[in-house]
Amino acid sequence: METQAGVSQAMEVLHAKAACLALLLEDAGDPDVSLLPLALNLLDDIDVLRALHLRVVMKSHTGA
């Protein structure tokens, strides 16, 4: 099983890749208008997952 640090690092890498994709689509003018919103939605989903992971980590450290 992955450690909490490993999961955090994997999410950070995933977030960075999604952000890079969104920037590339934005810079390219996104000829397929459905791609940029999809990439931005992916970033939002990753942010929700990061927040959930942080809450779980904090709960495990406080013993709650």
Side-chain angles (χ1 to χ4, degrees):
M1 177 175 246
E2 289 289 330
T3 64
Q4 291 175 352
V7 172
S8 293
Q9 184 178 15
M11 282 191 295
E12 292 301 319
V13 168
L14 183 59
H15 188 273
K17 287 179 180 179
C20 183
L21 174 61
L23 286 173
L24 289 171
L25 288 170
E26 188 175 50
D27 289 345
D30 190 13
D32 181 354
V33 294
S34 64
L35 292 178
L36 182 57
L38 184 61
L40 294 173
N41 199 0
L42 178 60
L43 280 172
D44 290 342
D45 291 346
I46 294 168
D47 285 338
V48 168
L49 182 58
R50 287 163 73 187
L52 176 62
H53 178 255
L54 181 60
R55 284 195 302 271
V56 168
V57 168
M58 296 308 289
K59 261 188 173 179
S60 72
H61 286 302
T62 62

Would you tabulate the side-chain donor-acceptor contacts of residues 13-23 under 3.5 Å, counting partners in other chains and residues two or more places apart, or write 'none'?
unit_1: His15; atom_1: ND1; unit_2: Arg50; atom_2: NH1; d: 3.4
unit_1: His15; atom_1: NE2; unit_2: Asp47; atom_2: OD1; d: 3.0
unit_1: His15; atom_1: NE2; unit_2: Arg50; atom_2: NH1; d: 3.2

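Among Val48, Leu42, Asp44, the single residue meeting the side-chain contact (heavy atoms from CB on, under 4.5 Å) criterion with Ile46 is Leu42.
When all heavy atoms of Gln4 and Val57 are compared, the pair lying nearest together is OE1-CG1, 3.6 Å. Residue Met11 comes nearest to Leu49 through the heavy atom pair SD-CG, 3.5 Å, listed as atom of the first residue, atom of the second, then distance.
Side-chain contact between Met58 and His53 is absent, with no heavy atoms from C-beta onward closer than 4.5 Å.
Remark: Lys59 NZ to Leu54 CG distance equals 12.5 Å, nearest 0.5 Å. Taking CG of Leu40 as the reference point, atom CG of Asp45 lies at 11.0 Å (rounded to 0.5 Å).
The hydrophobic cluster of Leu38 has no other members, since no ILVMFWY side-chain heavy atom comes under 4.5 Å of it.
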